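Not measured: the values here are computed from a predicted model. Quick note: numbers below take in every heavy atom, side chains included, and nothing from hydrogens, waters or symmetry partners.
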Amino acid sequence: MKRFLRQILPAALCLSALGGCMKWDYGRTEDFSATERGLFIVNEGMFQYGNATLSYYDPETKTVENEVFHRANAFKLGDVAQSMTLHNGVGWIAVNNSHVVFAVDPDTFREVGRITNLTSPRYIHFVSDEKAYVTQIWDNRIFIVNPKRYEITGYIECPDMTAESGSTEQMVQYGKYVFVNCWSYQNRILKIDTETDRVVGQLTVGIQPASLYRIDAETFSVEKQFRFRKGDSPSEMQLNGTRVTLYWIDRDVWRMPVAGEQLPVRPFLEYKETKYYGLTVDPANGDVYVADAVDYQQQGVVYRYTAKGEPVDEFHVGVAPGAFCWK
């Protein structure tokens, strides 16, 4: 969805009502029993094509199973899968142009529930077992849901934002406060009180914030701003398992210490004349996985490297692999 936002945002407002609804065609299912530890790859698919898929990779055996959601449930995942989050043994997949968040068993890949009637879900953050926030694009609200009942229970109104230009993205929690970046046409970080479900603070940063600002969560102030060269576009910021090293994509793959005071001068992994689109770091051993979207129409590729940058494996997944989720 990252690439699609830049290309089809004006048209999507008109087309979402026509192409965003999926037909759930049930048929024959397959049985799966996933390994205790593994990696989910969320493949966005092409906007309006309804060809989003889910892949599962076993790092130990270096084997991948593609389209596991479709094969386990006998219906397609939907149109533009954005993210996946694990909480209390359930996987939650936000499929934004199908207006749904699916709950799946991470071992069998079977659906166990779904939250519907969302505008265009991007990410889900769990405040408790009975309350979660779901960010949206094309909506000036963050949806409050009860994950146990799969119901929308309320909304958080985002100030100074219209439905047409509204967009809230990833969330992180510190104490009772959740911080969320406003991405599309926005330049703010919002601070939400989880006890009142209200925005209690705003912090102005750069346009379309994804990274790289270092913000003090206690004082809600910018501690450090890292300035990139004109034309650079850093994205997909990730931490390693010990949370001391920061990785991101900016044409190449880069990394630096979290406490670093200046940007690196040499990349960790050099650009391969293709499209690095997603990034994750194995929290157990520090291996780095980079998703290559190729041309956004054919199967993408995931490259696996050690923390030293040595190649370990590569495997094909679905169209436009953009997000990861560790099991």
Side-chain angles (χ1 to χ4, degrees), residues 29-44 52-73 77 81-95 101-113 123-126 129 132 147 170 172-173 236-249 253 255 258 268-269 276-292 299-318 321-327:
T29 62
E30 293 184 41
D31 293 327
F32 289 93
S33 180
T35 54
E36 182 177 351
R37 186 174 180 277
L39 177 63
F40 288 99
I41 302 97
V42 179
N43 307 294
E44 294 177 2
T53 61
L54 185 67
S55 301
Y56 183 78
Y57 176 74
D58 180 357
E60 184 67 28
T61 62
K62 299 181 182 178
T63 56
V64 62
E65 292 281 357
N66 287 319
E67 298 198 38
V68 294
F69 183 92
H70 187 191
R71 292 161 61 191
N73 295 284
L77 183 58
Q82 176 64 35
S83 64
M84 181 175 179
T85 302
L86 276 176
H87 180 74
N88 282 355
V90 177
W92 299 81
I93 309 168
V95 190
V101 173
F102 286 111
V104 299
D105 184 317
D107 295 325
T108 66
F109 315 135
R110 294 276 173 89
E111 180 193 7
V112 297
Y123 298 90
I124 185 168
H125 172 80
F126 290 85
D129 290 344
Q170 292 168 293
V172 64
Q173 187 163 352
E236 301 303 304
M237 186 170 61
Q238 300 289 329
L239 289 170
N240 68 341
T242 56
R243 308 182 74 81
V244 297
T245 305
L246 185 66
Y247 292 80
W248 70 91
I249 295 174
V253 177
R255 71 177 178 185
V258 169
F268 169 64
L269 299 173
Y276 290 151
Y277 197 56
L279 180 68
T280 192
V281 183
D282 188 329
N285 64 11
D287 281 1
V288 178
Y289 292 71
V290 189
D292 178 0
Q299 276 190 299
V301 181
V302 175
Y303 301 100
R304 175 184 174 186
Y305 299 88
T306 67
K308 295 181 179 180
E310 301 163 337
V312 176
D313 193 18
E314 65 178 76
F315 50 95
H316 285 82
V317 286
F324 296 96
C325 181
W326 284 98
K327 175 178 181 288

Going by atom types only, do N66 and T53 share a side-chain donor-acceptor pair under 3.5 Å?
-> no

- Query: Can you tell if the side chain of M84 reaches within under 4.5 Å of the side chain of V104, non-hydrogen atoms only?
  - Reply: yes

Closest non-hydrogen contact found for P321 with A291 is O-CB, 3.4 Å

One should read off an interatomic distance between L77 CG and E111 CD, to the nearest 0.5 angstrom, of 10.0 Å

Heavy-atom check, side chain of M237 versus side chain of L246, under 4.5 Å
yes

In this structure, CD1 of I249 is separated from CD of Q238 (nearest 0.5 Å) by 8.5 Å

Are side-chain heavy atoms of L86 and P106 found at a separation under 4.5 Å? yes

Could you please spell out the steps behind the side chain to side chain contact (heavy atoms under 4.5 Å, CB included) verdict for R255 and L269?
-> CA-CA 9 Å; R255 71 177 178 185; L269 299 173; over 6 Å; no

Across all chains, not counting sequence neighbours, the ring-ring contact (aromatic ring centres under 6.0 Å, His included) partners of F324 are none

Heavy atoms of S55 and G318 approach each other most closely as OG-N, 4.0 Å

Rounding to 0.5 Å, atoms NE2 (H70) and CG (L54) come to a distance of 13.0 Å

**Report entry** Side chain R304, main chain K62, donor-acceptor under 3.5 Å
**Finding:** no

Smallest heavy-atom separation, G38 atom then P59 atom, equals CA-CD, 3.8 Å

Output for pair (Y277 OH, D292 CG), nearest 0.5 Å, gives 12.0 Å

Notebook entry, point to check: Is the centre of the F102 ring less than 6.0 Å from the centre of the F69 ring?
Noted result: yes

One should read off an interatomic distance between D282 CG and T306 OG1, to the nearest 0.5 angstrom, of 11.5 Å

With sequence neighbours left out, the residues meeting side chain to side chain contact (heavy atoms under 4.5 Å, CB included) with D107 are D105, K327

Item checked: Residues Y57, Y289; criterion side chain to side chain contact (heavy atoms under 4.5 Å, CB included); working and verdict -> CA-CA 11 Å; Y57 176 74; Y289 292 71; 3.6 Å; yes

Closest non-hydrogen contact found for V90 with A103 is CG1-CB, 3.8 Å

- Task: For the residue pair Y123 and T85, establish whether any side-chain heavy-atom pair is separated by less than 4.5 Å.
- Result: no

Next on the checklist: Would you say that R110 contacts T29 through its side chain, given a criterion of any heavy-atom pair below 4.5 Å between the two side chains?
Outcome noted: yes

Note: F268 and A307 closest approach over all heavy atoms is CE1-O, 3.5 Å

Salt bridge (charged side-chain N to carboxylate O under 4.0 Å, His left out) pairs touching residues 63-73, sequence neighbours excluded, are E30-R71, E65-R71

For G278 and E236, the nearest pair of non-hydrogen atoms, with its separation, is CA-OE1, 3.9 Å

Output for pair (T245 OG1, N240 CG), nearest 0.5 Å, gives 4.0 Å

(message) Could you check whether any side-chain heavy atom of W92 comes within less than 4.5 Å of a side-chain heavy atom of C325, counting everything from C-beta outward?
(response) no

